[in-house]
Amino acid sequence: MTSQPPPPQTQPQPPPSSTGEQPETDHINRLPDELLLLICTKINNAKSLCICNLISKRFSTVVRQTPSLFLTFPHRNPNNRDENLPKKLFNYLSQSFFRKPPPNNFDGALFQSAIDSLKGFQNVRDLRIELPSFQHDESIRNWHAEFGRGANVCVILFATSLRDLRHQSPSSNHQIQIQNPDHASLTNHLLRSRIASSNQCFREATWRQHVLRHVVENHRRTLETAEICDSEQKGKVVVNNKQQVNDLLDPEVKLPASGYGKLWHVQVLRLPESRCVLYGATVVAIRRTDESEEECEDVGVKHLMKKRCEVDKHGLLWEVLRHILENHAPARSLNINAARR
């Protein structure tokens with residue numbers, strides 16, 4: 001007499017609910033931690049991850065290991081009657097961040113709440129922060145700034161107008177003319193306006209650097225790259241590597257008091273890679289240096305380009321810089337006086 005095989009083992013079914021329906025299976029708890037961490041990395045948004053952190057102890061453990069974070073600060077409510085809020089906020093933060101290093105116990109409600117929410121993340125290697133823009137010059141197309149030991153450079157790209165050639169026939173691309181020469185020329189009024197906007201942009205970049213320093217301090221052990229950009233996606237302050245992170249947090253590394261700048265202007269600048277034409281294109285490069293350092297003809301822009309083009313080869317700003325530095329000499333030299341803020 002042959003023995004019968006044992007019956008297959010079945011998983012016990014959960015008891016039916018009071019309504020008689022079977023409860024839904026919690027599929028997400030069946031995922032391994034590695035896959036959950038990958039999902040958190042794709043989410044990236046710090047606010048959403050802080051909400052995920054409250055789901056369960058397991059989620060909290062995984063979320064805190066997310067290596068890449070994006071944090072955006074609230075923008076002004078369009079229904080708010082206080083139209084001067086952006087200016088007031090900028091002045092308040094400038095007093096706390098720009099004029100002196102931010103204290104560890106900075107109690108600004110908006111920033112402190114967001115910074116505190118990041119302290120729980122234990123493995124942040126890449127951090128991106130978005131702050132409201134306080135620059136109202138519509139002719140600014142892009143700007144980029146990097147600060148650290150031996151590199152304190154800010155580059156700003158202006159253009160009076162931009163013509164998109166992506167939807168035009170190739171034959172029409174050769175017939176680019178200036179309809180109004182005054183529209184693209186560097187008049188004295190335009191020169192003064194763009195120098196003033198450049199100085200304001202540099203101050204804003206410096207202020208963002210101090211904000212970034214305050215946030216990065218809690219993640220110096222793991223952080224490798226960081227950037228702080230504006231809400232209009234026109235520009236950013238970048239920390240590219242571990243050495244720049246250390247320089248950012250080193251109290252001995254200070255922004256030099258003196259500096260210099262260069263200005264380039266091209267009436268019509270055709271950009272084949274971006275397939276557009278810039279009219280009245282102006283590039284302003286500002287560099288803060290010690291008084292003993294000799295001035296560079298390119299203000300250190302070529303060194304900056306070499307580093308950034310490895311990451312962003314097709315950016316509009318970098319294509320403009322390549323064309324201008326190869327084909328045009330600076331139109332003006334600028335004196336940077338730190339006392340005039």
Partners of [X] by side-chain contact (heavy atoms from CB on, under 4.5 Å), sequence neighbours excluded?
| X | answer |
| --- | --- |
| Pro251 | none |
| Leu191 | Leu186, Ile195, Leu263, Arg332 |
| Val266 | Leu269, Ile324, His328 |
| Arg221 | none |

Could you check if a side-chain atom of [X] sits within less than 4.5 angstrom of a side-chain atom of [Y], using non-hydrogen atoms only?
| X | Y | value |
| --- | --- | --- |
| Leu325 | Trp264 | yes |
| Leu162 | Tyr279 | no |
| Ser333 | Tyr260 | no |
| Ile156 | Ile140 | yes |
| Leu248 | Phe147 | no |
| Leu271 | His323 | yes |
| Thr225 | Val238 | no |
| Ile129 | Val215 | yes |

- Item | ILVMFWY cluster, Leu49 and Phe59 together (side-chain gap under 4.5 Å) | yes
- In the single-linkage hydrophobic clustering (I, L, V, M, F, W, Y; side-chain heavy atoms under 4.5 Å), do Val63 and Ile51 co-cluster?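 No, Val63 does not connect to Ile51 through the hydrophobic network.
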For [Y], is there any backbone N or O sitting under 3.5 Å from a side-chain donor or acceptor partner on [X]?
| X | Y | result |
| --- | --- | --- |
| His265 | Ala184 | yes |
| Gln200 | Ala196 | no |
| Lys236 | Asp230 | no |
| Thr222 | Val124 | yes |
| Ser197 | Ser193 | yes |

Any chance you could measure [X], atom [atom1], to [Y], atom [atom2], to the nearest 0.5 Å?
| X | Y | atom1 | atom2 | answer |
| --- | --- | --- | --- | --- |
| Lys234 | Asp137 | NZ | CG | 7.5 Å |
| Leu157 | Leu316 | CG | CG | 6.0 Å |
| Phe202 | Asn152 | CZ | CG | 7.0 Å |
| Leu131 | Thr72 | CG | OG1 | 8.0 Å |
| Arg64 | Cys52 | CZ | SG | 13.0 Å |
| Glu217 | Leu212 | CD | CG | 11.5 Å |

Going by side-chain hydrogen bond (donor to acceptor under 3.5 Å, both in side chains), name the residues that satisfy it together with [X], two or more places apart in sequence or in a different chain.
| X | value |
| --- | --- |
| Lys57 | none |
| Asp250 | Arg149 |
| Glu224 | none |
| Arg220 | none |

Could you work out, with salt bridge (Lys or Arg N to Asp or Glu O under 4.0 Å) as the rule, every residue matching [X], not counting sequence neighbours?
| X | answer |
| --- | --- |
| Arg141 | none |
| Lys262 | none |
| Arg208 | Glu204 |

- Message: Is it true that Arg194 and Ser198 share a donor-acceptor pair across their side chains at a distance under 3.5 Å?
- Response: no
- Between Ser274 and Glu319, is any side-chain donor less than 3.5 angstrom from a side-chain acceptor?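 Yes.
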- Which heavy-atom pair separates Cys276 from Asp164 by the least distance, and what is that distance? CB-CA, 4.4 Å
- Item | Closest non-hydrogen atom pair, Val301 against Leu321 | CG1-CD1, 3.8 Å
- Before accepting this row, confirm whether a basic side-chain N of the pair Asp33/Arg58 lies closer than 4.0 Å to the acidic partner's carboxylate O. yes
- Begin with the C-alpha distance, continue with both residues' side-chain angles, and end with the deciding distance and a verdict on salt bridge (Lys or Arg N to Asp or Glu O under 4.0 Å) for Glu273 and Arg322. CA-CA 12 Å; Glu273 294 180 14; Arg322 287 198 302 270; 3.0 Å; yes
- Is there any side chain to side chain donor-acceptor pair (under 3.5 Å) pair reaching into residues 36-49, and which pairs are they, with sequence neighbours excluded?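 Those involving residues 36-49 are Asn44-Ser68.
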